[in-house]
Each structure stands twice: as C-alpha cells, then as structure tokens.
Amino acid sequence: MASPAGNVWELSIRELLNKRIVTFRHLRNSMALPLELDIDTNAKGPGYNESLNRGSFDAAQPNGNITVRMGNKRRAYFNTLIFDADDLQGMFNSIRLRKRTRAYFMLGASLGPILAISNPSDYIKALGILINEYDAYMSESGSKTKKRHFFRKSKGNEEHGSSIQASYEQGNFSYLDTHSPPFDLDFLQVFDTFCQITVIMYTKLADSLMSIPITQAAFDNIAKIDGRFKKMIGVVTKELDELVKNAVTKELRLIDPLDMVASPENEINTDWETSSVYK
C-alpha cells in the first residue's frame, strides 16, 4: 500500500505532467504552419485525390499546377489571437535563432532512442541523465563547440567518460546526440516536431508512474526533468506574448487614430534571441 506522502507526490507529478502535455499541444497548434504542396494536375499519381480532399486550394500557377495547403488550421493562442504566418516567421527567424533551433533539434533527436526504453525506472533515469548532459553541453559549448557531422557515426554509446564533464570534453555522451545536420534548419518546423516528441515523452512519463513507487527521489528527478522543458517553452511563450501585445496595440491605435506614435513604455523589445535557453 502506498504511503500518504507517496500519494501526494504522485498526484502532484501527474498534475504537472498533464499541464505540460496540454501546454505543448497548445503551443504546437498555435504556431502550426501549413505544409504547401505543388500538385501537377497532369500527373495524377497515387494519393492525388486524397491530397486534394485534405487540403485547401490556392490559385492555379501559370504552369497549370495548383498549390494545396495541408495540415490543421492554426488555433488562437490562449483564446486571444490567431497568429499570422508572416508574424511568426518574423519573430522566430531561423537565421537569427540558429543556435536555439539547433538546441531544440539536438534535444528532440536525443529523446527518440530513450522512448524505446521499456523499463519505467530505466526510462526516467535515462531522461535525467539526458537533461544533465544537455545542460552541461549547452553551458560549456559556446564558440569552442565542435560541430559533428550529422551523417558521421556517433561514438556516444561506445565510450563513456567518468563524468558528464569528461564526456563533454571527449565528445561522448550516454544519451545526448550532438550531431548537426549539414543544412540550416527552420525554427518553426523544428519546434513543431519538438512539441510532438515532447508530448510523447511526457505521456510515457505519466504512464511510467503506474509501475514505480513514487518516492521523494523520484519526485525530485521528474521535477528536474520537467524544469528544463518548462524553461524552454517559457522563452517561447514570452515571445508569443510579445506578438499578442503588439497586435493588440495596433488594434487599439485603430480605435484612436490620433495616437500614432507609441510611447516609450509601450515599445516592444525585438531582441528575440535569448540566452536563457542555454542556461
């Protein structure tokens, strides 16, 4: 029989995990960009009719092709505003946010192999190790980081250092995959996928609670794991709040046409690259 303290810890953890799952899903739906496909109307191959039925049409192109927009419609951000695609791409510019984009890609890619771990205790332990390795890597990397080619075989699972710091110095980690793709990544696409795999990670984490005793150590470990992801989405929500504030300010100026010049206290900070992601 579980102790009263264990029940309290389990309820707190479940509430925390469910809250995070809802948040990641909401952010993904609020920032989703449709996938555009150019369809050759003269080459009706497999899936042609399905693509037309699932997508929305743009005007036909001069060559006769049509552009079909696939994917779910973007939802209002906390019931306040449906973001314009241009505003999202302006705020989350992939060139300016190259370092953060790579960080999200790296952590998301590292979660994949861990999701295959079937033992609940080993799964939670692996997540904790991954977060420790990620924090050590991001805090120590900076300009001296060696970028490892995406298609080069990793030695992370072959050799292990005596500590996380030693692993960083040697370029070897137990779970962190530091490979870099040989091309620039799109932040919104990376964040969309990051949200998907993080929801899967949290869902499995919640399911794991049914198979392990909830102790103070387990509670602290899960809270530390969640703290890293909470900080990452906190940066994004802060920037989305700025978009909402900007849009509302513009609407209010339409109501009062004489107020065409923003006061200093209403100016919006456009320094969207923040170092808090890497701390």
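All figures in this text were calculated on a predicted structure; none of them were measured in a lab.
A ring-centre distance under 6.0 Å is found for F83 and Y77. A ring-centre distance under 6.0 Å is found for Y104 and F187.
Counting heavy atoms from C-beta outward, L127 and Y175 have side chains that stay 4.5 Å or more apart. Counting heavy atoms from C-beta outward, D177 and M106 have side chains that stay 4.5 Å or more apart. Side-chain contact between D226 and Y202 is present, with at least one heavy-atom pair separated by less than 4.5 Å. Looking at heavy atoms from C-beta onward, R25 lies out of side-chain contact with Q196 at the 4.5 angstrom threshold. A heavy-atom distance below 4.5 Å is not found between the side chains of T203 and L17. For the pair V22/N18, no side-chain contact is recorded, criterion being any heavy-atom separation below 4.5 Å from C-beta on. For the pair L97/R100, a side-chain contact is recorded, criterion being any heavy-atom separation below 4.5 Å from C-beta on.
Side-chain contact of N221 with K125: a donor-acceptor pair under 3.5 Å is absent, judged by distance alone.
Here CG of L243 is found 12.0 Å from NZ of K245. Values are rounded to the nearest 0.5 Å. Note that CG of L107 is 5.5 Å distant from CD1 of I131, once rounded to the nearest 0.5 Å.
Crowding of K204 atom NZ: a count of heavy atoms from other residues, nucleotides or ligands under 6.0 Å exceeding 12. Within 6.0 Å of CD on Q216 lie more than 12 heavy atoms contributed by other residues, nucleotides or ligands.
Residues passing the ring pair (Phe, Tyr, Trp, His ring centres under 6.0 Å) test with Y123, sequence neighbours excluded: none.
By the 30° and 60° cut-offs, the orientation of the rings of F194 relative to F229 is parallel.
Exactly one residue among D186, T101, L27 makes a side-chain contact (heavy atoms from CB on, under 4.5 Å) with F191. That residue is L27.
Listed here is the closest heavy atom pair of R14 and M210: NH2-CG, 3.1 Å.
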